[in-house]
Amino acid sequence: MQYEAEVLPGLKRFATAELERRFGDQVTIHHSRKEDTLPFTYRGDAYDLLGLRTVVAVYRLLRFDIPRPRALLGHEHFHRLLDEIHEIERLHPPRSFRTFRFSAAGKDSSVFQRLGDEIAAHTRMENQPDDADLLMRVRPTPGAERSWDVLLRLSPRPLATRHWRVCDMPGALNATIAAAMIDLTNPQPDDFFFNPMCGSGTLLIERLARGPADIVAGCDNDINALACAKQNVQEAALGHRIDLLEMDATNLVGIPDGVCTAIVADLPWGQLVGDQSQLDWVYPAALGEWARVARPGARLVVITHMIELFESLLGDIAPLWSLVDAVKVFQGGLHPRIYAFVRTER
Ligand SMILES: C[S@@+](CC[C@H](N)C(=O)[O-])C[C@H]1O[C@@H](n2cnc3c(N)ncnc32)[C@H](O)[C@@H]1O
């Protein structure tokens, strides 16, 4: 079975690692030069692909030896396509897919109109060009002649759209980026995981989605952000496992020295949250305070869009935090960067 995952540019290595970690030798990753595309062969149950956390969406890839999309209307090809659509419907509760749409060059042509009419006639779905549950991408097979690909998204919404996000705070972190940041902490079951500046709770929820931890706590100095995090955490059924604290991240009163094994933060970017003059002070103060509460060897993973400001601090914090990784991500027109550090020995 051929599949293709859509990933945010910069996160391909995390998606590759997640597929291999979850599925071992059931999965074979293929090469693609495109930064946002991860093709793979998978021999397991397609349902399990719906649990992937570092990918935006997963598509079933059907390759047809045909010269043009019109040939999809032929009996054999059309029934192969229908069978696959029904397989995908069966992965979800009944009537999860009520609408479908095409994404293709020429999707408004009479051929796609006819194909849409046929699919509507053979399923209980309506063709809805703007926003639909079943997304069908149709494209010429890259690098091949007389061959077309149909990619069927396995889920009615992108996997990156988390069910628990009932409170969507402006500036909330994309959940696939959050999952990649969690990966960089090298999660362990005995972690004391701390998420200062937790906002709506994305990193906290993604931490527990990845696996158990002894302590998972977050803080924010904005009570509205904490109220939002509370709603999301409850929707994720993690209310009893995550502590949310109203606290200044540069002064973690009550958290003893050297207890945290992983600290992860989505720093204010100075756009939606925080202004530049504040951040000049907050960034170094926070990094110093987090070094206080971190155990030697602890991981610190941060994301910021204030690259210049952050990189100007790297020299000063080097005695406390040793840089081990840096990842450029592209999302929504922005290029934030993730930095991973290890707490040096005292
Ligand atoms: C970029 S947002 C985090 C968004 C979060 N990752 C999410 O997915 O919703 C940064 C957060 O830092 C908080 N913040 C800024 N300065 C702070 C400080 N000194 N102490 C605690 N929280 C702070 C803001 O209130 C905001 O919620």
Side-chain angles (χ1 to χ4, degrees), residues 10-11 13-14 16-18 20-22 53-54 173 177-199 201-220 238 241-245 247-267 282-304 306-307 309-329 336-346:
L11 297 194
R13 68 180 244 219
F14 297 95
T16 302
E18 185 181 15
E20 291 176 345
R21 187 178 68 246
R22 284 176 181 248
R53 305 197 78 84
T54 54
L173 189 60
I177 298 179
M181 290 174 67
I182 297 301
D183 193 53
L184 283 167
T185 68
N186 186 22
Q188 302 296 321
D190 60 355
D191 269 341
F192 182 141
F193 176 92
F194 188 58
N195 173 209
M197 306 174 163
C198 67
T202 312
L203 286 156
L204 294 163
I205 297 170
E206 289 302 316
R207 172 60 186 85
L208 282 174
R210 174 64 188 267
D214 266 358
I215 297 177
V216 175
C219 81
D220 206 287
L238 294 171
R241 291 173 61 194
I242 294 177
D243 292 315
L244 294 169
L245 313 165
M247 206 187 268
D248 180 354
T250 64
N251 183 20
L252 300 172
V253 179
I255 302 191
D257 294 358
V259 290
C260 299
T261 59
I263 299 175
V264 177
D266 173 14
L267 292 161
V282 167
Y283 272 39
L287 291 164
E289 177 66 345
W290 301 346
R292 180 185 70 76
V293 298
R295 189 179 294 177
R299 288 283 178 127
L300 167 67
V301 181
V302 298
I303 184 166
T304 180
M306 310 284 292
I307 313 290
L309 167 60
F310 194 82
E311 298 211 338
S312 74
L313 300 171
L314 289 179
D316 288 347
I317 64 168
L320 303 173
W321 293 112
S322 165
L323 184 66
V324 290
D325 213 335
V327 183
K328 288 182 197 172
V329 192
R337 223 168 269 186
I338 302 171
Y339 299 86
F341 301 86
V342 171
R343 177 71 172 99
T344 55
E345 299 293 323
R346 277 152 209 273

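Along the sequence shown, residues carry numbers from 1. Only heavy atoms go into these numbers, but all of them, side chains included; no hydrogens, no water, no symmetry mates.
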Looking only at non-hydrogen atoms, find the nearest pair between [X] and [Y] and report the distance.
X      : Y      : result
Ala340 : Val301 : CB-CG2, 4.2 Å
Ala298 : Cys260 : CB-O, 3.3 Å
Ala249 : Pro196 : CB-CB, 3.8 Å
Ile263 : Ala294 : CD1-CB, 4.0 Å
Met197 : Val282 : CE-CG1, 3.6 Å
Arg299 : Val342 : NE-CG2, 3.7 Å

Practice problem: Can you sort out the partners of Thr16 under side-chain contact (heavy atoms from CB on, under 4.5 Å), two or more places apart, ordered by chain and number? | Solution: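 By the side-chain contact (heavy atoms from CB on, under 4.5 Å) rule, Thr16 matches Glu20, Ile29, Leu38.
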
Quiz item: Listed by chain and number, what are the side-chain contact (heavy atoms from CB on, under 4.5 Å) partners of Ala180, not counting sequence neighbours?
Solution: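 Ala180 satisfies side-chain contact (heavy atoms from CB on, under 4.5 Å) with Leu11, Phe14 only.
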
Measure the spacing between [atom1] of [X] and [atom2] of [Y] and express it to the nearest 0.5 Å.
X      : Y      : atom1 : atom2 : result
Thr304 : Ile338 : OG1   : CD1   : 11.5 Å
Asp220 : Leu244 : CG    : CG    : 9.5 Å
Cys219 : Leu204 : SG    : CG    : 9.5 Å
Ile255 : Phe194 : CD1   : CZ    : 3.5 Å
Leu173 : Thr202 : CG    : OG1   : 5.5 Å
Ile182 : Thr54  : CD1   : OG1   : 12.5 Å

Is the shortest heavy-atom distance from the side chain of [X] to the side chain of [Y] under 4.5 Å?
X      : Y      : result
Phe192 : Val293 : no
Met181 : Leu203 : yes
Ile303 : Arg337 : no
Leu320 : Arg343 : yes

Quiz item: Restricting to pairs with a member in residues 181-197, which pass salt bridge (charged side-chain N to carboxylate O under 4.0 Å, His left out), not counting sequence neighbours?
Solution: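 Applying salt bridge (charged side-chain N to carboxylate O under 4.0 Å, His left out) to every pair that reaches into residues 181-197, excluding sequence neighbours, yields Arg21-Asp183, Asp183-Arg210, Asp191-Arg207.
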
Practice problem: Please list, chain by chain and in numerical order, all residues satisfying ring-ring contact (aromatic ring centres under 6.0 Å, His included) with Tyr339, sequence neighbours excluded. | Solution: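 If we apply the ring-ring contact (aromatic ring centres under 6.0 Å, His included) test to Tyr339, skipping adjacent residues, the hits are Phe310.
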
Practice problem: Assess whether side chain to side chain contact (heavy atoms under 4.5 Å, CB included) is satisfied between Ile317 and Tyr283, documenting all intermediate values. | Solution: CA-CA 11 Å; Ile317 64 168; Tyr283 272 39; over 6 Å; no

Exercise. Among Ile242, Asn195, Ile205, find the residue that satisfies the side chain to side chain contact (heavy atoms under 4.5 Å, CB included) test when tested with Val216.
Key: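 Single side chain to side chain contact (heavy atoms under 4.5 Å, CB included) partner of Val216 among Ile242, Asn195, Ile205: Ile242.
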
Quiz item: salt bridge (Lys or Arg N to Asp or Glu O under 4.0 Å) with Asp243: which residues, sequence neighbours excluded?
Solution: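 Counting only residues at least two positions away or on another chain, Asp243 forms no salt bridge (Lys or Arg N to Asp or Glu O under 4.0 Å).
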
Exercise. Quick one: list whatever passes side-chain hydrogen bond (donor to acceptor under 3.5 Å, both in side chains) with Arg13, sequence neighbours left out.
Key: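 Asp325.
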
Do side-chain atoms of [X] reach the backbone of [Y] as a donor and acceptor pair under 3.5 angstrom?
X      : Y      : answer
Thr250 : Ala286 : no
Arg292 : Leu252 : yes
Trp321 : Leu287 : yes

Quiz item: Are Glu206 and Arg53 close enough for a salt bridge, meaning some N to O gap below 4.0 Å?
Solution: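 Salt bridge between Glu206 and Arg53, a charged N being under 4.0 Å from a carboxylate O: yes.
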
